[in-house]
There are 2 protein chains.
Amino acid sequence: MAHFFREKLKEKGLKVTPQRVAIYEAIVNLKNHPTAENVIEYVKTNHPNISVGTVYKVLDSLVENELLKKVKTEKDIMRYDAVLSNHHHLYCTETERIEDYEDENLNEMISNYFKNKKIKNFKVQDIKLQITGKFNK
Amino acid sequence: MAHFFREKLKEKGLKVTPQRVAIYEAIVNLKNHPTAENVIEYVKTNHPNISVGTVYKVLDSLVENELLKKVKTEKDIMRYDAVLSNHHHLYCTETERIEDYEDENLNEMISNYFKNKKIKNFKVQDIKLQITGKFNK
DNA sequence: TTCTTAAATAGGAATCATTATCTTTTAAAT
DNA sequence: ATTTAAAAGATAATGATTCCTATTTAAGAA
Ligand SMILES: [Mn+2]
Ligand SMILES: [Mn+2]
Ligand SMILES: [Zn+2]
Ligand SMILES: [Zn+2]
């Protein structure tokens with residue numbers, strides 16, 4: 001489970017520390033693209049002495065090393081994503097809920113569209129959809 | 001030019017103040033989806049005494065009243081958009097540049113796609129693309 | 001295993017974008 | 001011109017994030 005993660009850390013030349021493993025697992029388990037605060041709260045149940053600064057530093061370094069991604073929002077509170085595969089996000093207009101949306105057909109359609117239609121003066125690297133709306137119930 | 005804006009304020013029951021007009025014009029003129037700080041700097045050239053709190057309050061209220069939109073980013077500094085029409089954004093991976101991208105064909109293709117393909121437990125209200133990449137030159 | 005050392009963490013102070021509070025001013029209706 | 005609720009200005013407070021530094025530790029070398 002965390003094997004993949006420990007290997008990745010080594011690949012990147014980062015030390016495998018209990019804090020890093022715990023923070024990564026927190027993000028995987030929490031779902032819903034947690035904030036740093038969510039992570040701190042979760043990790044503290046098993047690592048009561050973890051430092052707030054450590055969490056922020058680890059999150060930054062994991063993003064830097066492409067083991068996590070930041071999620072774009074309209075808030076000044078950062079949220080994190082452990083899902084690295086190419087996927088989109090469903091944003092709730094009424095709550096802070098953000099869910100993953102995977103759709104291979106959609107990816108292909110968009111990718112095809114931009115094979116023809118080039119954007120002048122811009123080299124596309126990645127395309128993500130922000131789908132806003134309401135979840136049922 | 002600011003006629004549209006003054007009318008909109010009245011429609012919404014908001015007083016037409018020089019500060020509101022100046023802030024709105026700042027966002028229109030600045031392009032690049034400015035931050036509150038960008039707006040403050042710009043507005044101060046003509047309104048040296050404008051208060052920082054006023055700028056934040058006006059920005060919030062204009063977003064609330066749908067005269068401005070917030071732009072989603074991976075930063076904890078908010079950015080604002082005066083373009084209300086349905087458009088997408090080009091995010092530079094290397095700088096803070098964010099440009100508008102309008103594409104009616106694309107909108108139609110996506111809109112058609114989601115007429116068939118429903119997302120379970122989710123009612124779509126709006127779809128925006130975040131296109132990340134590099135600008136030439 | 002023990003030793004060594006650069007990297008990482010803990011703890012706490014500092015930063016800074018944003019909010020809140022409170023007083024004064026003002027848009028706009030009468 | 002008067003009235004008044006809304007808005008602006010000034011400044012303090014907040015809170016997420018960053019910074020700083022002493023201490024600890026992961027991991028390679030011996
Ligand atoms: Mn912040
Ligand atoms: Mn904040
Ligand atoms: Zn995700
Ligand atoms: Zn825009």
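Note: hydrogens, waters and symmetry copies are ignored here, and every other heavy atom, side chains too, is used. Chain naming here is simple, since letters A, B, ... match the order of the sequence lines and numbering starts at 1 in each. Treat the numbers as computed from the prediction; the structure is a model and nothing was measured.
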Ignoring backbone atoms, test whether Gln19(B) places a side-chain nitrogen or oxygen under 4.0 Å from the OP1 or OP2 oxygen of dT26(C).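 For dT26(C), OP1/OP2 do not have a side-chain N/O of Gln19(B) under 4.0 Å.
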
Quick one: is Tyr56(A) getting a side-chain N or O under 4.0 Å of the dT18(D) phosphate, OP1 or OP2?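 No, no such contact exists.
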
For [X] and [N], what is the distance between atoms [atom1] and [atom2] respectively, to the nearest whole Å?
{"X": "Ile40(B)", "N": "dC16(C)", "atom1": "CD1", "atom2": "C1'", "value": "12 Å"}
{"X": "Leu59(B)", "N": "dA17(C)", "atom1": "CG", "atom2": "C1'", "value": "13 Å"}
{"X": "Lys12(B)", "N": "dA6(D)", "atom1": "NZ", "atom2": "P", "value": "17 Å"}
{"X": "Lys44(B)", "N": "dA8(D)", "atom1": "NZ", "atom2": "P", "value": "15 Å"}
{"X": "His47(B)", "N": "dA8(D)", "atom1": "NE2", "atom2": "P", "value": "10 Å"}
{"X": "Asn49(B)", "N": "dA10(D)", "atom1": "CG", "atom2": "C1'", "value": "11 Å"}
{"X": "Ile77(B)", "N": "dA16(D)", "atom1": "CD1", "atom2": "P", "value": "16 Å"}
{"X": "Glu37(A)", "N": "dT14(D)", "atom1": "CD", "atom2": "C1'", "value": "13 Å"}

Within the supplied structure, the quantity of interest is the number of heavy atoms (other residues, nucleotides, ligands) at a distance under 6.0 Å from Lys70(B) NZ; does it exceed 12?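 It does: Lys70(B) NZ has more than 12 such atoms within range.
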
Enclosure of Gln125(A) CD (heavy-atom neighbours >12, cutoff 6.0 Å):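 More than 12 within 6.0 Å, yes.
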
Given [options], which nucleotide is nearest the side-chain atoms of [X]?
{"X": "Val58(B)", "options": "dA16(D), dA8(D), dA10(C)", "result": "dA8(D)"}
{"X": "Leu14(A)", "options": "dA16(D), dT9(C), dA8(C)", "result": "dA8(C)"}
{"X": "Val16(A)", "options": "dA27(D), dG9(D), dA17(C)", "result": "dA27(D)"}

For the residue pair Asp103(A) / Tyr113(B), report whether a side-chain donor-acceptor contact shorter than 3.5 Å exists.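 Yes, Asp103(A) and Tyr113(B) have a side-chain donor paired with an acceptor closer than 3.5 Å.
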
For Gly13(A) and Ala36(B), take the nucleotide of DNA chain C holding the closest heavy atom to each; which residue's nucleotide lies nearer the 5' end?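 Looking at the nearest nucleotide for each, Gly13(A) comes out on the 5' side.
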
Could you list, one pair per line, each protein nitrogen or oxygen that sits under 3.5 Å from a nitrogen or oxygen of nucleotides 20-25 of chain D, together with the distance?
none

Electrostatic pair Asp81(A):Arg79(A) at N-O distance under 4.0 angstrom: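 No, Asp81(A) and Arg79(A) are not salt-bridged.
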
For Glu66(B), is there an ion pair with Lys8(B) - N to carboxylate O distance below 4.0 angstrom?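 Here Lys8(B) does not pair with Glu66(B) in a salt bridge, since their nearest N and O are not under 4.0 Å apart.
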
DNA chain D: 5'-proximal contact among Gly53(B) and Arg20(B) (nearest heavy atom):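 Comparing both residues, the 5'-ward one is Arg20(B).
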
With a 3.5 Å cut-off and just heavy-atom distances, do the side chain of Thr17(A) and the base of dA26(D) make a donor-acceptor pair?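 Between dA26(D) and Thr17(A), which were checked side chain against base, a qualifying N/O pair under 3.5 Å is absent.
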
Please check if Val71(B) and Val71(A) belong to a single hydrophobic cluster, counting links between Ile, Leu, Val, Met, Phe, Trp and Tyr side chain heavy atoms closer than 4.5 Å.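 In one cluster: no.
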
Between Arg6(A) and Val16(A), is there a donor-acceptor pair closer than 3.5 Å when you use the side chain of the first and the backbone of the second?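 Such a contact is absent between Arg6(A) side chain and Val16(A) backbone.
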
